Amino acid sequence: MPIYEYLCDDCGEHYERIVMNGNTKITCPKCASAKSTIQLSVFAAPSNGTKSSGGSSSGGSAPSSGGGCCGGSCGCN
Ligand SMILES: [Zn+2]
């Protein structure tokens, strides 16, 4: 279940609430005001990480071909 962060519009209290559904009434624990601004948590934030920007990674972390010493030309094996 998601935990949302709220910022009270009246007293500025910052608090968190576990929201079961959209009909959950959120009130400030300090002044009991129903006016609050929701602060999107990091979990609810859209994925801004352009992870696939690298795309086709030529090479990468697999130095199997031409692997330094034991490539065959040094005769260590
Ligand atoms: Zn308040």
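Order of listing sets the numbers, starting from 1, for every ligand and every atom in it. Treat the numbers as computed from the prediction; the structure is a model and nothing was measured.
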Under 3.5 Å side-chain donor-acceptor pair for D9 and T37: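 Judged by distance alone, the side chains do pair up.
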Using 0.5 Å steps for rounding, measure from the OH atom of Y6 to the NE2 atom of H14.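 Interatomic distance, Y6 OH to H14 NE2, rounded to 0.5 Å: 11.0 Å.
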Reference residue E13; test side chain to side chain contact (heavy atoms under 4.5 Å, CB included); the match among C31, S36, C8: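 Result: among C31, S36, C8, C8 is the only option passing the side chain to side chain contact (heavy atoms under 4.5 Å, CB included) with E13.
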Any residue meeting side-chain hydrogen bond (donor to acceptor under 3.5 Å, both in side chains) with S33, in chain and number order, not counting sequence neighbours: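 If we apply the side-chain hydrogen bond (donor to acceptor under 3.5 Å, both in side chains) test to S33, skipping adjacent residues, the hits are D10.
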Between I26 and L7, is there shared hydrophobic-cluster membership here, with clusters defined by ILVMFWY side-chain heavy atoms closer than 4.5 Å? no
Output every pair passing salt bridge (Lys or Arg N to Asp or Glu O under 4.0 Å) with a member in residues 14-26, not counting sequence neighbours, ordered by first then second residue.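 Qualifying pairs, neighbours excluded: none.
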Excluding waters, which protein N, O or S atoms are within less than 2.8 Å of the Zn ion (ligand 1)?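 As for protein N, O or S atoms lying under 2.8 Å from the Zn ion (ligand 1), they are C8 SG, C11 SG, C28 SG, C31 SG.
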